[in-house]
Amino acid sequence: MPEISKDFSGQTVITTFEMTPGTAHDLMEALRDAYENFIRRQPGFVAAGLHMNDAQTRIANYSQWRDRRDFQAMLRTPEMRERNRRIAALCSRFEPVMYEVVEAF
């Protein structure tokens, strides 16, 4: 489970996905499978959370990594590249953005 603290020295990545309500649960299933069977076993993975809005048109993914390079290395693996192609087919767009925690309340 992610713990948000301004003392966190790793890399935070927030990815937003946009989709139709008709594909929301399929996309969530694909993301859950990616985390359960691949991502969480990658070097440098710390924690993640998946969130869906009430309208089922957006999913937000909050993940923490030991280092930016660990996240980038995971994205470059053949397995994650294939998974991202399937994920992209279920949504109209997705965008991972790297952040640093500045404050936590």
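From a predicted model like this one, the values you see are computed outputs, not experimental measurements. Because only heavy atoms are used, hydrogens play no part in the values below, and waters and symmetry mates are left out as well, while side chains stay in.
Cluster membership check: Met74 does not share its hydrophobic cluster with Val97, using side-chain heavy-atom separations under 4.5 Å among Ile, Leu, Val, Met, Phe, Trp and Tyr. Ile87 is not connected to Ile14 by any chain of hydrophobic side-chain contacts under 4.5 Å among Ile, Leu, Val, Met, Phe, Trp and Tyr, and they are in different clusters. Linking ILVMFWY residues whenever their side-chain heavy atoms come closer than 4.5 Å, directly or via other members, leaves Ile4 and Leu50 in distinct clusters.
Here Glu82 pairs with Arg86 in a salt bridge; the nearest charged N to carboxylate O distance falls below 4.0 Å. Under the 4.0 Å criterion applied to side-chain N and carboxylate O atoms, Glu95 and Arg93 are assigned as salt-bridge partners.
Checking side-chain atoms of Ser92 against main-chain N and O of Glu18 turns up a donor-acceptor pair under 3.5 Å. In terms of modelled atom types and a separation under 3.5 Å, the side chain of Arg41 and the main chain of Glu36 share a donor-acceptor contact. Without hydrogens or angle criteria, Thr23 side chain to Asp26 main chain gives no donor-acceptor distance under 3.5 Å.
Asn37 contributes atom CG, which lies 11.5 Å from atom CZ of Arg32 (distance to the nearest 0.5 angstrom). A distance of 12.0 Å separates CG of Asn61 from CE of Met52, quoted to the nearest 0.5 Å. Atom NE2 of His25 is separated from atom CE of Met19 by 10.0 Å, given to the nearest 0.5 angstrom. Ile59 CD1 to Thr16 OG1: the interatomic distance, rounded to the nearest 0.5 Å, is 11.0 Å. Rounding to the nearest 0.5 Å places CG of Asp33 at 11.5 Å from CZ of Phe38. The CZ atom of Arg83 sits 10.0 Å away from the CG atom of Leu31 when rounded to the nearest 0.5 Å.
Closest heavy-atom contact between Tyr99 and Gln11: O-NE2, 3.1 Å. Nearest heavy-atom pair, Pro96 versus Val13, reported as atom, atom and distance to 0.1 Å: CB-CG1, 4.1 Å. Here the closest non-hydrogen pair linking Trp65 and Pro43 is CZ3-O, 3.9 Å. For Gly44 against Asp70, the heavy-atom pair with the smallest separation is CA-OD2, 3.3 Å. Between Pro21 and Ala55, the closest heavy-atom pair is CG-O, 3.5 Å. In terms of heavy-atom proximity, Pro2 sits nearest to Gln64 at CA-OE1, 3.5 Å.
More than 12 heavy atoms of other residues, nucleotides or ligands sit less than 6.0 Å from atom CD of Gln72. The neighbour count for Glu103 CD, taken as heavy atoms of other residues, nucleotides or ligands under 6.0 Å away, is above 12.
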Checking Glu79 against Gln42 for the side chain to side chain contact (heavy atoms under 4.5 Å, CB included) test, could you report, in this order, the C-alpha distance in whole Å, the side-chain angles of both residues, the deciding distance, and whether it holds?
CA-CA 11 Å; Glu79 180 165 346; Gln42 297 309 295; over 6 Å; no
Under the side chain to side chain contact (heavy atoms under 4.5 Å, CB included) rule, what do Thr15 and Tyr62 come out as? Steps first, then yes or no, please.
CA-CA 7 Å; Thr15 306; Tyr62 183 97; over 6 Å; no
Apply side chain to side chain contact (heavy atoms under 4.5 Å, CB included) to Met80 and Ile39, showing your working.
CA-CA 8 Å; Met80 198 64 219; Ile39 298 172; 3.9 Å; yes
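By the 30° and 60° cut-offs, the orientation of the rings of Tyr35 relative to Phe45 is tilted.
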